[in-house]
Amino acid sequence: RLSAAAGIPRVTGYLIVGLAAGPSIGALPAIPTLITTEHLHTLAPLHDIILGLIVFTIGGSFSLKAIRKIGPRLFRISAFEIGLTALLVGLGVFLSGTTPLSAAFLAVIAITTAPAATQMVMRENQSEGPLTDTILPLIGLNNLVAIIAFILLKHNSLAGEASIWIAVTEVFTPFGLGALAGMVVAVMDQRLTRQVERQILVLATVAISTGTAVLLEVSALLSILVAGVVAVNAAPHGKRILKDLSAVDYPLYVLFFIMAGAELHLESLAHMGLVGAVYVAMRIIGKYFGCRIGAKVTGASHT
């Protein structure tokens with residue numbers, strides 16, 4: 001509430017609470033550590049499940065109706081943003097002294113967009129309209145491309161020999177797992193009449209899918225993203241699924257950001273050096289101008 005009163009997003013307030021309670025600040029003299037590293041390790045499954053709920057919602061923004069409304073513009077904006085960000089970050093950190101392989105990994109990681117913070121800020125401001133309808137699918141596309149690119153780069157650069165079949169398995173297994181989970185939600189959603197039952201359905205599906213992906217050593221985020229896309233498009237009342245989820249997920253999101261704040265390592269900032277500074281600067285430039293140029297080229301509105 002203090003953050004909101006100061007005009008700062010509540011997300012920032014939750015992160016500060018976690019940072020103050022976590023081991024990074026708690027390492028200072030006379031300041032007790034309320035959330036230890038052991039606590040964070042124990043809470044890791046809960047962290048993964050909440051992140052799954054967030055990604056499920058992002059996947060739910062890919063309804064065919066919404067995509068048709070936006071049209072090819074969405075994919076063109078995404079292409080400019082992804083391309084410019086990856087190019088500037090990769091080239092910038094390479095010229096700063098990293099190896100080509102490290103530069104490639106940093107370029108791929110720079111593409112990703114944090115879905116949780118963006119979604120929480122939009123919910124706090126109750127934003128609706130063409131900008132909101134564009135941002136959520138754009139986040140999904142960014143992370144989809146980044147996850148697949150990371151898997152392919154990992155297997156074709158770090159392995160002794162190109163393990164293409166392992167890479168293909170790691171890409172398509174989450175798609176199959178997510179499609180199955182999404183169909184379960186879509187089918188059962190039609191048979192459940194009570195809101196609380198539908199909420200339990202989604203929570204359980206996300207939890208089971210996350211655990212299964214971890215067990216199979218594939219991307220849980222990719223499988224949950226696909227599950228959200230399938231569920232919203234296959235269910236007759238797709239938007240109702242997301243509406244039911246939004247009625248119970250906010251306290252979980254608060255826990256997620258407190259844990260995220262507790263996991264921050266402020267002491268690591270001193271070790272970023274030139275490469276870290278260039279990464280941050282190039283990513284900001286790439287994201288901002290990539291979206292701006294893409295929107296202008298596609299004839300999007302000023303907003």
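The chain is numbered in sequence order, starting from 1. Side chains included, hydrogens not; waters and symmetry mates left out as well; all remaining heavy atoms used.
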Measure the [atom1]-[atom2] distance between [X] and [Y] for me, rounded to the nearest 0.5 Å.
| X | Y | atom1 | atom2 | answer |
| --- | --- | --- | --- | --- |
| Leu46 | Leu252 | CG | CG | 7.0 Å |
| Leu2 | Ile16 | CG | CD1 | 10.0 Å |
| Leu153 | Phe105 | CG | CZ | 4.0 Å |
| Lys296 | Phe80 | NZ | CZ | 12.5 Å |
| Leu131 | Asp133 | CG | CG | 9.0 Å |
| Thr12 | Leu19 | OG1 | CG | 12.0 Å |

Give a yes-or-no answer on whether the side chains of Ser223 and Ser209 include a donor-acceptor pair shorter than 3.5 Å. no
If I compare all heavy atoms of [X] with all of [Y], which pair ends up nearest, and what's the gap?
| X | Y | result |
| --- | --- | --- |
| Glu81 | Thr85 | O-OG1, 2.7 Å |
| Ala117 | Phe257 | N-CZ, 3.5 Å |
| Ala247 | Gln199 | CB-NE2, 3.8 Å |
| Gly90 | Ala103 | O-CB, 3.5 Å |
| Met282 | Gly92 | CG-CA, 4.4 Å |
| Thr132 | Ser127 | OG1-OG, 3.1 Å |

4.5 Å side-chain heavy-atom contact, [X] and [Y]:
| X | Y | result |
| --- | --- | --- |
| Met188 | Glu197 | no |
| Asn143 | Pro115 | yes |
| Ile109 | Tyr279 | yes |
| Met120 | Tyr250 | yes |
| Val275 | Ser102 | no |
| Thr134 | Leu74 | yes |
| Ile77 | Arg292 | no |
| Leu136 | Met122 | yes |

For [X] and [Y], indicate whether the former's side chain and the latter's backbone hold a donor-acceptor pair under 3.5 Å.
| X | Y | value |
| --- | --- | --- |
| Thr113 | Ile139 | no |
| Ser246 | Lys243 | yes |
| Glu124 | Arg10 | yes |
| Asp48 | Thr210 | no |

Check the hydrophobic clustering (I, L, V, M, F, W, Y; side-chain heavy atoms under 4.5 Å; chains of links allowed) and say if [X] and [Y] are grouped together.
| X | Y | answer |
| --- | --- | --- |
| Val93 | Ile284 | yes |
| Ile285 | Leu87 | no |
| Val248 | Ile50 | no |
| Val171 | Ile147 | yes |
| Ile166 | Ile148 | no |

Would you say that more than 12 heavy atoms from the other residues, nucleotides or ligands in this model lie under 6.0 Å from the CD of Glu267, or not? yes
Above 12 or not: heavy atoms from other molecules or residues under 6.0 Å from CG of Leu269? yes
With ILVMFWY side chains joined below 4.5 Å, transitively, what does [X]'s cluster contain besides itself?
| X | value |
| --- | --- |
| Val214 | none |
| Leu91 | Phe94, Leu95 |
| Val196 | Ile200 |
| Ile111 | Ile82, Val145 |

Excluding sequence neighbours, so at least two apart, what forms salt bridge (Lys or Arg N to Asp or Glu O under 4.0 Å) with [X]?
| X | result |
| --- | --- |
| Arg240 | Asp189 |
| Glu263 | none |
| Asp244 | Arg198 |

Review item, side-chain donor-acceptor pairs of residues 56-67, under 3.5 Å, at least two apart:
residue, atom, partner, partner atom, Å
Thr57, OG1, Leu53, O, 3.0
Ser61, OG, Ile58, O, 2.5
Ser63, OG, Ala66, N, 3.2

Applying side chain to side chain contact (heavy atoms under 4.5 Å, CB included) to Asn125 and Val121, what does each step give before you reach the verdict? CA-CA 6 Å; Asn125 291 281; Val121 171; 3.6 Å; yes
From CA spacing to verdict: side chain to side chain contact (heavy atoms under 4.5 Å, CB included), Leu43, His47: CA-CA 6 Å; Leu43 291 169; His47 176 280; 5.8 Å; no
In this structure, which one of Val206, Val230, Thr205 forms a side-chain contact (heavy atoms from CB on, under 4.5 Å) with Val185? Thr205
side-chain hydrogen bond (donor to acceptor under 3.5 Å, both in side chains) with [X]: which residues, sequence neighbours excluded?
| X | result |
| --- | --- |
| Asp249 | Arg123, Tyr253 |
| Thr112 | none |
| His237 | none |
| Glu38 | Thr36 |

Apply side chain to side chain contact (heavy atoms under 4.5 Å, CB included) to Leu15 and Ile258, showing your working. CA-CA 5 Å; Leu15 287 168; Ile258 290 175; over 6 Å; no
